[in-house]
Novice: 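If you scroll down you'll find the structure; I have some questions about it.
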Amino acid sequence: DAKTTQPPSMDCAEGRAANLPCNHSTISGNEYVYWYRQIHSQGPQYIIHGLKNNETNEMASLIITEDRKSSTLILPHATLRDTAVYYCIVRYHMNYGGSQGNLIFGKGTKLSVKP
Amino acid sequence: DSGVTQTPKHLITATGQRVTLRCSPRSGDLSVYWYQQSLDQGLQFLIQYYNGEERAKGNILERFSAQQFPDLHSELNLSSLELGDSALYFCASSVAGAGTGELFFGEGSRLTVL
């Protein structure tokens, strides 16, 4: 899987939008961008994924640059419960060879939402 | 609630011992993944099974082994335990080979080796 680069930590005021950046300059054409988060020591939770178009769901929006070398996860109205480590992961969407779907996590961004 | 069940939630044991962690995937999910999370290593992929067969192997030690049973539950066996094996062990499941990329994680089993 391509490597990603994320800032180690970010702060956000409660009620404001949280914009979490991710660089993935070596992403290949078949690789998707996925975002997961981990609240304290709970199991990671899927947030959203995309290939090249912007995506939105009930949790967040994903903005991918046209050259696909970077992306931004947007939490539109951050709450205290959004305090977590956010992981940006790139991987193939379908199974290729021996890589059958496992996600490779980096260090992520620790987002602190403050009142 | 992700639908993935892991037992036990907490386990304390001594060095040299052997433990078994159990994972029940979401109903209908064929793939099971095991991850280890220690303070200094982050989330490390260990191994994946799909419908009873090993599909991918990550940084799993030779002292560790896993299997997926016909009812699709999985067990991770850790033997000759060392202090450094103390960690959170997560199980995740997905429908197939996770073509959608969505893995559902359990709440983890916290292993403490004394």
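We name chains A, B, ... by the order of the sequence lines, and we start the count at 1 in each one.
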Novice: Check each atom of B:L43 against the heavy atoms of chain A and say whether the ones under 4.5 Å are side chain, backbone, both or neither.
Specialist: both
Novice: In this structure, are over 12 heavy atoms from other groups packed under 6.0 Å from A:R16 atom CZ?
Specialist: no
Novice: Nearest 0.5 Å, please: how far is OH in B:Y33 from CG in A:L103?
Specialist: 7.5 Å
Novice: If you count the non-hydrogen atoms of other residues, nucleotides and ligands that lie under 6.0 Å from CG in B:L39, is the total more than 12?
Specialist: no
Novice: If you look at every heavy atom in A:G43 and B:E107, which pair is closest and at what distance?
Specialist: N-OE1, 4.0 Å
Novice: Would you say A:L73 and A:I63 are hydrophobically clustered, going by side-chain heavy atoms of ILVMFWY under 4.5 Å?
Specialist: no
Novice: Checking heavy atoms, do the side chain of B:Q44, its backbone, both or neither come under 4.5 Å from chain A?
Specialist: neither
Novice: State plainly whether one hydrophobic cluster holds both A:Y46 and B:F45, where clusters connect Ile, Leu, Val, Met, Phe, Trp and Tyr through side-chain heavy atoms under 4.5 angstrom apart.
Specialist: yes
Novice: Kindly say whether B:L103 contributes a backbone atom to a donor-acceptor pair with the side chain of A:Y36 at under 3.5 angstrom?
Specialist: yes
Novice: Treating Ile, Leu, Val, Met, Phe, Trp and Tyr as nodes and any side-chain heavy-atom pair under 4.5 angstrom as an edge, say whether B:I47 and B:Y89 lie in one connected cluster.
Specialist: yes
Novice: Looking at every heavy atom in both B:Q37 and A:Y87, which two are closest together, and how far apart are they?
Specialist: NE2-OH, 3.8 Å
